[in-house]
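Single-structure report; data block below.
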Amino acid sequence: MPVKCKADCGRNAVLKRPKTSDALCKDCFFAAFEAEVHYTIISNDLFKKGEKVAVAASGGKDSTVLAYILKLLNDRHDYGLDLVLLSIDEGITGYRDDSLETVKQNRDDYQIPLKILSYDELYGWTMDRIVEQIGRKNNCTFCGVFRRQALDRGAKLLQVDSIATGHNADDIAETVLMNILRGDTARLGRCTAIRTGSGEDTIARVKPLKYTYEKEIVMYAHYKKLVYFSTECVFAPNAYRGHARAFLKDLERVRPSVIMDIIHSGEQLKFKETVKKPERGTCGRCGFVSSQQPCKACILLEGLNRGLPKLGIGKKSKGDRMRAKQDQELALRERANLVKNDF
Ligand code: SF4
Ligand code: ZN
């Protein structure tokens with residue numbers, strides 16, 4: 001016999017909600033899903049009326065659902081937000097070029113303007129060329145650092161008040177675990193924050209899907225028939241996150257609430273005063289937000305342009321030595337050329 005929807009609507013259930021194990025019909029699942037994201041936005045004061053918000057859009061399931069639901073809730077509850085899609089083109093053939101086509105489809109379907117910024121125009125490098133130079137080992141470090149800054153650059157260009165990202169509950173639980181396993185207390189302290197970086201010269205990042213399970217995002221996109229791109233990056237995987245993800249999935253099988261439990265634990269952590277917190281400032285070279293001088297993006301870029309791609313990987317002292325050695329070699333070569341020219 002068909003199971004009735006738990007919400008007493010009289011319809012038959014078609015799915016079991018991963019978050020609550022409730023059997024629901026499609027419409028009651030949509031209503032519950034949307035009401036929870038709305039509650040997250042309202043109870044955390046994520047936006048103010050009249051704000052301009054950039055949705056970081058990759059074409060993947062999370063950002064597609066985020067763009068769709070922000071548009072829907074903005075209209076339904078009159079948030080008064082001016083939404084815009086912001087995409088970063090890392091220059092990865094066979095991955096980003098295809099996923100950007102999906103974002104363009106989202107732009108047309110949801111009637112939200114789109115701005116695409118590329119690594120090539122911002123840094124003079126594409127990820128394809130970076131990987132050619134550095135190999136497949138630290139590629140995600142370059143990509144992640146450049147993307148973070150590219151979003152800030154895009155946000156400044158578009159004059160938005162905040163950037164909404166599609167991080168979901170699973171991503172955040174994984175990040176908590178990764179920071180514990182790495183002993184990275186500075187990042188552990190801020191990785192559960194739903195809003196980060198709001199200051200005079202920084203653009204706030206907000207995560208409206210912070211409490212939304214990945215499985216439910218996939219279900220929502222599936223039943224709403226949203227168009228999204230699901231192929232993995234050709235330069236993946238990020239091995240360390242992969243371990244945290246596999247571990248979390250194992251735990252989830254025996255304890256379905258583990259994702260929320262880990263986020264809750266992360267939120268409750270208190271740190272000793274002696275734990276170093278990164279001091280946010282602006283990079284003296286590029287003028288974008290940074291907790292070091294110059295910022296990581298500028299050091300990585302300098303390394304690429306000097307032909308020293310490992311310059312920004314590892315300890316600063318090692319980078320300083322590499323830089324000094326290359327400067328010395330260049331000076332010697334120049335002197336040798338001068339001597340030759342004398343003849
Ligand atoms: Fe960039 Fe790595 Fe993600 Fe690919 S997997 S998009 S290289 S961060
Ligand atoms: Zn910089």
Side-chain angles (χ1 to χ4, degrees), residues 56-64 86-103 116-157 165-168 170-171 174-175 178 187 197 201-203 214 228-246 278-306 309 311-313 316 319-320 323:
S58 68
K61 61 179 185 337
D62 302 308
S63 61
T64 298
L86 173 59
S87 289
I88 306 301
D89 179 1
E90 299 94 342
I92 304 175
T93 313
Y95 168 64
R96 187 56 81 213
D97 40 2
D98 294 339
S99 66
L100 284 174
E101 290 308 309
T102 314
V103 182
I116 302 176
L117 276 180
S118 71
Y119 283 5
D120 202 8
E121 63 187 292
L122 294 178
Y123 307 111
W125 287 83
T126 62
M127 274 312 291
D128 286 344
R129 281 187 53 227
I130 293 175
V131 169
E132 241 172 61
Q133 180 162 141
I134 63 159
R136 297 282 284 265
K137 199 157 169 241
N138 293 306
N139 55 310
C140 293
T141 303
F142 281 82
C143 194
V145 169
F146 285 162
R147 187 183 309 109
R148 215 166 305 136
Q149 196 193 67
L151 282 173
D152 278 335
R153 286 175 183 255
K156 195 170 175 196
L157 200 79
T165 60
H167 292 100
N168 61 45
D170 299 51
D171 296 330
E174 275 165 30
T175 309
M178 276 167 64
R187 285 206 173 87
D201 44 9
T202 57
I203 293 159
E214 187 171 83
Y228 67 87
F229 185 79
S230 49
T231 308
E232 261 213 8
C233 168
V234 289
F235 299 138
N238 178 339
Y240 205 63
R241 183 171 283 275
H243 291 307
R245 180 166 300 173
E279 298 272 330
R280 288 203 170 239
T282 45
C283 169
R285 275 193 209 171
C286 66
F288 281 89
V289 65
S290 171
S291 47
Q292 64 182 65
Q293 279 308 339
C295 75
K296 187 91 174 161
C298 280
I299 297 178
L300 291 175
L301 189 60
E302 183 190 343
L304 288 171
N305 291 335
R306 275 176 174 251
L311 193 67
I313 310 285
K316 187 178 172 290
D320 289 344
R323 212 183 262 118

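Both ligands and their constituent atoms are indexed starting at 1 by order of listing.
When all heavy atoms are compared, the tightest approach of Val234 to Arg136 is O-NH2, 3.0 Å. Contact detail for Ile203 and Ala155: the closest heavy-atom pair is CD1-CB, 3.5 Å. Considering every non-hydrogen atom in both Gly124 and Arg129, the closest pair reads O-NH1, 3.1 Å.
Each of the following atoms of ligand 1 lies closer than 4.0 Å to a heavy atom of Asn139: 7 (S). Close contacts between ligand 1 and Arg147 involve ligand atoms 1 (Fe), 3 (Fe), 6 (S), 8 (S) [criterion: under 4.0 Å to a heavy atom].
Geometry note: the Zn ion (ligand 2) is the vertex, Cys286 SG and Cys283 SG are the arms, and the angle is 110° (rounded to 10 degrees). The SG atom of Cys298, the Zn ion (ligand 2) and the SG atom of Cys295 define an angle of 110° (nearest 10 degrees).
Annotation for Arg187: atom CZ does not count as buried by contact number, only 12 or fewer foreign heavy atoms lying within 6.0 Å.
Distance check for Cys143 against atom 1 (Fe) of ligand 1: an N/O/S atom falls below 2.8 Å.
A parallel orientation is assigned to the rings of Phe146 and Tyr123, their planes being inclined by less than 30° (bins at 30° and 60°).
Comparing Cys140, Gly144, Ser58 against atom 5 (S) of ligand 1, the shortest heavy-atom distance belongs to Cys140.
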